[in-house]
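Both counts, for ligands and for their atoms, begin at 1 and track the order of listing.
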Amino acid sequence: MNDIKVLNKAADNIRILAASAVEKAKSGHPGGAMGGADFINVVYSEYLQYDPKNPGWVGRDRFFLDPGHMAPMLYSQLCLAGYFTLDELANLRQWGSPTTGHPEFEIARGIENTSGPLGQGHAYAIGAAIAAKFLAAHTGNPTFEKETIYAYISDGGVQEEISQGGARIASILGLDNLIMFYDSNDIQLSTETKEVMNEDTAAKYRAFGWEVIEIVGNDAVQIRSALDQAKQVKGKPTLIIGKCIMGKGAIKADGTSYEANCKTHGAPLGGDAYINTIKNLGGDPENPFQIFPEVKELYAKRAKELESICAERYAEENAWAAANPTKAAQQTQWFSGKAPEIDWSKCVQKDNDATRSASAACLSVLAEQVPNMICASADLSNSDKTDGFLKKTHAFSANDFSGAFFQAGVAELTMACCCIGMALHGGVIPACGTFFVFSDYMKPAVRMAALMELPVKFIWTHDAFRVGEDGPTHEPVEQEAQIRLMEKLKNHSGKPSMLVLRPADAKETTEAWKLAMENVATPTALILSRQNIQNLPEGNDYSLAAKGGYIVAGSDDNPDIIFVATGSEVSTLIAGAELLRKEGVKIRVVSVPSEGLFRSQSKEYQQSVLPAGVKKFGMTAGLPVNLLGLVPESEGKIWGLESFGFSAPYKVLDEKLGYTAENVYNQVKTML
Ligand SMILES: Cc1ncc(C[n+]2csc(CCOP(=O)(O)OP(=O)(O)O)c2C)c(N)n1
Ligand SMILES: [Mg+2]
């Protein structure tokens, strides 16, 4: 048992470091960090099981920070734990420094998730807890049973709607490997919390089915006993609500208390307030970036304890691996980050099928061949056709993670964040489905998956106005343009931050899924049709889809005009081409499932498919801008949709909105 005085000293040390890093950067958030220091310190000095020499240890406990603005708290803590140097901490928020303004996912640095958009971070933790349960069930490796996922949430995270989805899912799935700490400090950015919330948060989480423990969040003894209690809870997640003091220990320039003050949320303490505060906490304002000797000792002792804890855990893992060599080899592959081997010849497509159904055929193969894949749906599995996967397995339930399907309920953002959390945990390949129009509910998570370079698969069906009778609420128009912006946006590795594929027929859908599974470097989106689509012409070389854009079989040499489309509009163009060919017009048809991928090909290849100076006609069921990069205004015309959709059978909409062979004929006639 550590001396409480030493624990308090360590928490003060974190407060000094956090406040000083912000002071030096002249920007950042000291208040929350100072309030949460006691909790994080107890977790890292006494509970969290990790291996500083092997940060990627698969069986480690994981700490997910939701309020990324508390970065100075996490970095200061990770300084004590040996993941950051004091110099790096002193370089907070500067160009090239690992101590970025908000934490950025880097396992080697002990940072389990990028955080900043409040709320998402704790849903990642829930996803990670699901992954741990899944791995325990599917590998039999006892190490995954021992994993605890810690989540740290603040007022902002509780207020974000995603907390409802997270609370529901963690409860229904009985995630007793999840311990969430709520830093309840009654203060947020611009007001006291009482001005915007009056619910009984403890009662709310109890009603959701959580174990709830209420403590004074700056009291190490109470923190310790709450964690002990939480570790014993079976069958449900635990929320520890800690009443914390924002800016704990802070003193104003005039010597009065600066605690519980909104102003410390997002600005340096400043001048004499800073000096008074550091002195009050036992630090040296002239030389604040120091670790007190007794705190060094505390963490040296913890490092020793962790050595023996890890030795025991590794021995247990090795014994399991020796007894289960096949499973162990499989686990190594699962955590390797390498794409799984898939025999796609097993994927048989029906002619003229909807691409969502073609996706179901792929998912069925994946369910059989990729044992670490988890597929989710936000209550649309029979419409988004993730049921192709579900039919080969069963959904998770509390105490049963032997299946591989995650029924997320109607909560698209929560689902996406849980899938991100699974990917962050590692060892599993998450995919999730819903209607494309509801990708709007997921965009904030998609952006984070892209930033973190996580290979989550997003399955979006009902890709256009051809949803039909459900009308404009359900008909995506601008969504493709939005999501394709992610293909234009580069990630920090210099690659398009996302792969977005809209296949043109059933067989191209198999190619798209193949590309999605091979893409381990970024998220992938699959945009799929509700309605049936005529096959591309016989003899089409579908392997060319891997180039992002290619010439479809049946195209004429020396074309008078090139037709360009993605998805189901390719077949509409082919039908239109038939009419024009009767009049001797020579046409090339180009399918571009991913403009981002196409633009990553050599200039020569791009030029060979879409030579400059040849007339072009593009057709898209989304905004015309979808094709503007491929069909420049100077070279042709784009037929797109420039308004919301309408409610009517889709064939009527095709007629009314001009998505017919006849309209292609008419439009192109005016161009020749
Ligand atoms: C989704 C989202 N909306 C808004 C913000 C901006 N923001 C950062 S912190 C914060 C207030 C959070 O208050 P709380 O969680 O209580 O943190 P504390 O002030 O206690 O540190 C806001 C609005 C954000 N980071 N994410
Ligand atoms: Mg707060």
Worksheet item: What's the shortest distance from atom 15 (O) of ligand 1 to any protein heavy atom, and which residue and atom give it?
Response: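 It is S154 OG, 2.5 Å.
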Would you call the rings of [X] and [Y] parallel, tilted or perpendicular, taking 30° and 60° as the class edges?
| X | Y | value |
| --- | --- | --- |
| Y205 | W210 | perpendicular |
| H462 | F435 | tilted |
| F134 | F396 | perpendicular |

Does the ring center of [X] lie less than 6.0 Å from the ring center of [Y]?
| X | Y | value |
| --- | --- | --- |
| H474 | F438 | yes |
| F84 | Y75 | yes |
| Y50 | Y44 | yes |

Side-chain donor-acceptor pair present, [X], [Y], cut-off under 3.5 Å:
| X | Y | answer |
| --- | --- | --- |
| K243 | S184 | yes |
| D155 | Y182 | yes |
| D384 | S377 | yes |

Fill in: Euclidean distance, D284 CG relative to I275 CD1, rounded to 0.5 Å
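The CD1 atom of I275 sits 10.5 Å away from the CG atom of D284.
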Within less than 4.0 angstrom of ligand 1, does [X] place any heavy atom?
| X | answer |
| --- | --- |
| G116 | yes |
| Q120 | no |
| P117 | yes |

What atoms in ligand 1 come closer than 4.0 Å to a heavy atom of [X]?
| X | value |
| --- | --- |
| M70 | 21 (O) |
| H69 | 9 (S), 17 (O), 18 (P), 21 (O) |
| N185 | 18 (P), 20 (O) |

Item to complete: Check whether any N, O or S atom of N185 sits under 2.8 Å from the Mg ion (ligand 2).
Response: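 Short answer: yes, at least one N, O or S atom is under the cut-off.
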Discussion item. Under 2.8 Å from the Mg ion (ligand 2), is there any N, O or S atom belonging to G35?
Written reply: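 Looking at G35, which is the residue asked about, there is no N, O or S atom under 2.8 Å from the Mg ion (ligand 2).
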Worksheet item: Counting heavy atoms only, which part of I187 comes closer than 4.0 Å to ligand 1: side chain, backbone, both or neither?
Response: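 The answer is the backbone of I187.
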Which is closest to [atom] by heavy-atom distance: [options]?
| atom | options | value |
| --- | --- | --- |
| atom 13 (O) of ligand 1 | M246, E160, Q188, H102 | Q188 |
| atom 19 (O) of ligand 1 | H265, Q159, H29 | H265 |
| atom 12 (C) of ligand 1 | D155, L118, D66 | L118 |

Item to complete: Output yes when the distance from some N or O of ligand 1 to some N or O of G156 is under 3.5 Å, and no in every other case.
Response: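 By distance alone, the answer is yes.
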Worksheet entry | the Mg ion (ligand 2) - closest N/O/S atom in D155 |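 When I compare the N, O and S atoms of D155, OD2 is nearest to the Mg ion (ligand 2).
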